[in-house]
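Below is one structure; the comments refer to it alone.
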Amino acid sequence: MTLEEIHGPEPVPAGHDWMQGAGKALHELLVSAQRRGCLTAGVYESAKLMNVDPDNVAFCVLATDEDDEGDIALQIHFTLIQAFCCENDIDIVRVNDVAKLAAIVGPSEESGETRDLHCILITNPNEDGWKDPALEKLNLFCEERRNVNDWVPTITLPE
């Protein structure tokens, strides 16, 4: 007798649907934050903001492509950013497709040039009552992932 015969077929894990939902929520959050002016892009810009006003940071996205995996300086920055986020209770996720992020966020509004999207911070707006449902979904997703010791989960953005 097998374990499946005793307990029945194993349920399909909901993780895949949950991951797709997290990808959609991240897409919505990035669009909403950019529209509200609550998005900071760039490793150095993000580090400066976290140093000056860490309480204003609501969420962090770290992004790499296959080309970036060998970039030791970037990996060191990521390690420091992750440590800072963990110490300041800032939820953080990874995205493995900078091109998809660029399609969502687009070029810099000021200069029109492409910008460094390896680190994106979502900050709290000056409006007291702003609650973004996508941010709440992502916060729950990160909490769930931490419960299974996945401290920096990877999210796949939708096509």
Throw together a table of side-chain donor-acceptor distances under 3.5 angstrom for residues 93-106, partners on residues two or more places apart or in other chains.
residue, atom, partner, partner atom, Å
Asp97, OD1, Ala99, N, 3.2
Asp97, OD1, Lys100, N, 3.2
Lys100, NZ, Leu157, O, 3.0
Lys100, NZ, Glu159, OE2, 2.8

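For Pro153 against Cys142, the heavy-atom pair with the smallest separation is CG-SG, 4.5 Å. Considering all non-hydrogen atoms of both residues, Cys85 and Cys60 come closest at SG-CB, 3.8 Å.
Under the side chain to side chain contact (heavy atoms under 4.5 Å, CB included) rule, Ile122 has a single partner from Val57, Asp132, Leu30, which is Leu30.
Annotation: side-chain hydrogen bond (donor to acceptor under 3.5 Å, both in side chains) contacts of Asp68 (sequence neighbours excluded): His118.
Leu26 contributes atom CG, which lies 10.5 Å from atom CG of Leu135 (distance to the nearest 0.5 angstrom). Leu121 contributes atom CG, which lies 12.5 Å from atom NZ of Lys48 (distance to the nearest 0.5 angstrom). Between Leu62 atom CG and Ile155 atom CD1 the span is 11.5 Å, to the nearest 0.5 Å. To the nearest 0.5 Å, atom CG of residue Leu140 and atom CG of residue Asp91 are 9.5 Å apart. Atom CG of Leu39 sits about 11.5 Å away from atom CD of Glu45, to the nearest 0.5 Å. Annotation: the span from Leu74 atom CG to Thr79 atom OG1 amounts to 9.5 Å, rounded to 0.5 Å.
Crowding of Glu66 atom CD: a count of heavy atoms from other residues, nucleotides or ligands under 6.0 Å not exceeding 12.
Screening residues 40-86 for ring pair (Phe, Tyr, Trp, His ring centres under 6.0 Å) gives Tyr44-His77 as the qualifying pairs, with residues at least two apart or on separate chains.
Placement of Ile81 and Ile72 in two distinct hydrophobic clusters is found when ILVMFWY residues are connected by side-chain heavy-atom separations under 4.5 Å, directly or transitively. Residue Val61 is not grouped with residue Ile92 when hydrophobic side chains (ILVMFWY) are merged at heavy-atom distances under 4.5 angstrom, including chains of intermediate members. Note: the hydrophobic cluster containing Leu138 does not contain Ile90 (ILVMFWY, side chain heavy atoms under 4.5 Å, direct or indirect links). With hydrophobic clusters built from ILVMFWY side chains whose heavy atoms lie under 4.5 angstrom apart, Leu80 does not share a cluster with Trp151.
Side-chain atoms of Asn51 never come within 3.5 Å of backbone atoms of Ala47 as a donor-acceptor pair (strictly under, hydrogens ignored).
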